[in-house]
> 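Below you will find the structure I want to go over with you.
To find a chain, count down the sequence lines: A is the first, B the second, and so on, and within it residues start at 1.
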2 protein chains.
Amino acid sequence: MSQEFGSIYELIRHYVEIDDVEWEYCKSMLSFKQFKKKEIILSKGEICSEIYFVVKGILRIYFVDQNGDEKTFHFSLENTFATDYQSFLKEIHTDFYIQALENTTVIIITNEMLNMLYANLKNGERLGRLIAEDYFFMMNEKIKGLYTQTPLQRYNSMNVAYPRILTRVPQHYIASYLNITPVHLSRLKRGIE
Amino acid sequence: MSQEFGSIYELIRHYVEIDDVEWEYCKSMLSFKQFKKKEIILSKGEICSEIYFVVKGILRIYFVDQNGDEKTFHFSLENTFATDYQSFLKEIHTDFYIQALENTTVIIITNEMLNMLYANLKNGERLGRLIAEDYFFMMNEKIKGLYTQTPLQRYNSMNVAYPRILTRVPQHYIASYLNITPVHLSRLKRGIE
DNA sequence: AAAGAACAATAACATTTGTTTACGTTTTCA
DNA sequence: TGAAAACGTAAACAAATGTTATTGTTCTTT
């Protein structure tokens with residue numbers, strides 16, 4: 001059954017070398033968890049104590065603004081991480097919610113586990129740095145998009161960052177990701193066809 | 001004169017332990033550079049080959065959108081870094097410009113130097129990870145602000161992220177950071193007093 | 001299968017933000 | 001020091017986006 005950790009093994013190997021002994025050590029700490037569609041995994045006020053690596057399904061990370069409106073920060077599709085990294089690392093209360101948009105299978109990474117990896121893997125710290133850097137780059141691109149693209153342009157490029165997302169999730173979540181109202185998104189789409 | 005590297009020493013010590021031998025090694029690789037007010041340090045299309053640590057002055061990081069409008073991405077005040085980290089690390093062409101808004105003194109960090117630090121400092125990789133994480137958190141907060149705050153709210157909180165910035169730089173740069181027109185910022189401010 | 005909830009589209013109207021132009025002040029620099 | 005450029009404010013109008021209400025469809029759940 002260790003076969004099923006293949007996706008995260010591939011991801012690690014994308015960043016650093018890891019030998020068989022180290023990988024066995026990693027695997028011994030990993031576990032699966034399943035979430036049902038619409039289930040809320042993390043809520044505001046809690047401390048995010050796990051990183052989720054999505055094997056199958058979709059997680060949505062969002063927060064709620066002063067008016068009570070949900071703002072979708074990120075979608076985590078297959079083979080990407082979902083967490084509030086800040087809450088996770090600093091053990092502070094999170095502002096975010098994480099919700100499964102489909103029945104979803106994840107691999108769980110805990111904080112203790114991560115620190116063991118940093119301490120015991122030859123390239124542990126390096127792996128952490130490279131992943132943090134890549135997520136930093138992703139944020140950078142996201143901000144660039146927010147500054148330079150119209151909502152419609154961002155809508156049209158969503159299929160690049162999130163393959164097939166437009167057919168996988170309800171449209172009002174897309175609107176909340178674009179930071180516009182569902183009504184306005186519907187209106188913008190009308191202009192296209 | 002090694003005294004003058006004090007600010008970056010403090011910053012490193014904020015993240016990791018570094019012994020005297022290691023610090024001497026670091027210092028031997030660091031150097032100063034001066035930029036004149038309005039000078040452009042990095043331009044689109046170039047490869048960003050240095051990280052700038054601002055000792056005194058202000059650097060502005062911006063890009064230009066399809067319409068030719070400048071969008072200010074970030075201000076680097078004293079004791080913070082300025083670079084296009086993505087261009088720097090991957091040696092790809094940058095989309096950004098970096099400009100000095102005042103006569104500015106920086107400490108220069110090159111890529112070769114950084115890799116030597118990663119390789120030779122006990123906590124080199126860890127330092128890199130922690131700094132990447134902190135900048136990642138900063139991006140996260142920035143995005144949260146873009147989603148949840150009105151331009152006026154963001155204007156009012158700029159003095160927190162960037163102390164005294166509102167009196168240090170021309171207002172149209174502030175507007176471009178807020179992603180609104182200078183005319184509109186002027187109008188919003190009128191509503192306040 | 002039926003009932004209710006969730007969802008998407010549409011229209012009418014309100015609010016926010018952008019655009020253009022003008023004017024007066026401050027800053028820069030030759 | 002004087003001219004030119006840069007800068008901030010203002011007003012009028014245009015475009016983009018939000019709000020509310022309505023309707024019909026699709027999805028959930030019993």
> Rounding to 10°, can you tell me the angle the first-five-pair axis of the helix from C/dA1-D/dT30 to C/dA30-D/dT1 makes with its last-five-pair axis?
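One end axis against the other gives 60°.
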
> For A/Phe73, does its backbone N or O pair with a side-chain atom of A/Lys142 as donor and acceptor, under 3.5 Å?
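Side chain of A/Lys142 to backbone of A/Phe73, a donor-acceptor pair under 3.5 Å: yes, one is there.
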
> Is the distance from OP1 or OP2 of C/dA9 to the nearest side-chain N or O of A/Gln171 less than 4.0 Å?
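Indeed, a polar side-chain atom of A/Gln171 lies that close.
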
> If the threshold is 4.0 Å, N to carboxylate O, is there a salt bridge linking B/Glu10 and B/Arg13?
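So B/Glu10 does not pair with B/Arg13 through a salt bridge.
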
> Assess the pair B/Tyr162 and B/Tyr177: is the distance between their ring centroids shorter than 6.0 Å?
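Ring centres of B/Tyr177 and B/Tyr162 closer than 6.0 Å.
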
> Which pairs count as salt bridge (charged side-chain N to carboxylate O under 4.0 Å, His left out) when at least one residue sits in residues 75-95 of chain B, sequence neighbours excluded?
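The answer is A/Lys144-B/Asp95, B/Lys56-B/Glu78, B/Glu78-B/Arg168.
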
> Produce a footprint string for nucleotides 16-30 of chain C: one letter per nucleotide, 5' end first; B if the base is under 4.0 Å from any protein heavy atom, S if only the sugar-phosphate is, - if neither.
-BBBB-------S--

> In residues 37-48 of chain B, what donor-acceptor pairs under 3.5 Å come from side-chain atoms, sequence neighbours left out?
unit_1, atom_1, unit_2, atom_2, d
B/Glu39, OE1, B/Lys36, N, 2.7
B/Glu46, OE1, B/Ser43, N, 3.1

> How many angstroms lie between CZ in A/Arg126 and CD in B/Glu125, if you round to the nearest 0.5 Å?
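Here the interatomic distance stands at 5.0 Å.
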
> Which donor-acceptor pairs under 3.5 Å do side chains of residues 104-111 of chain A form with protein atoms, sequence neighbours excluded?
unit_1, atom_1, unit_2, atom_2, d
A/Thr104, OG1, A/Ile58, N, 3.3
A/Thr104, OG1, A/Ile58, O, 3.4
A/Thr104, OG1, A/Glu102, O, 2.7
A/Thr105, OG1, A/Gln34, OE1, 2.6
A/Thr110, OG1, A/Glu112, OE1, 3.2
A/Thr110, OG1, A/Met113, N, 3.2
A/Asn111, OD1, A/Asn115, ND2, 3.3
A/Asn111, ND2, A/Phe88, O, 2.9

> Taking NZ, NE, NH1 and NH2 as the nitrogens, is one of them in A/Glu133 or B/Arg129 under 4.0 Å from a carboxylate oxygen of the other?
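Looking at B/Arg129 together with A/Glu133, the answer is no, because their closest N to O distance does not fall below 4.0 Å.
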
> Taking any atom under 4.0 angstrom from a heavy atom of chain B, which nucleotides of DNA chain D are the first and last to qualify, 5' to 3'?
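Footprint of chain B along DNA chain D, 5' to 3': D/dC7 to D/dA12.
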
> May I ask you to evaluate whether A/His172 reaches the phosphate of C/dA8, defined as a side-chain N or O under 4.0 Å from OP1 or OP2?
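It does, given that an N or O in the side chain of A/His172 lies less than 4.0 Å from OP1 or OP2 of C/dA8.
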
> Using a strict threshold of under 4.0 Å (side-chain N to carboxylate O), is an ion pair present between A/Lys122 and A/Glu17?
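Between A/Lys122 and A/Glu17 there is no salt bridge, as every charged N stays at least 4.0 Å from the carboxylate O atoms.
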
> Side-chain heavy atoms nearer than 4.5 Å, only ILVMFWY residues, links allowed to pass through others: does that put A/Phe32 and A/Phe35 together?
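Result: yes, single cluster for both.
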
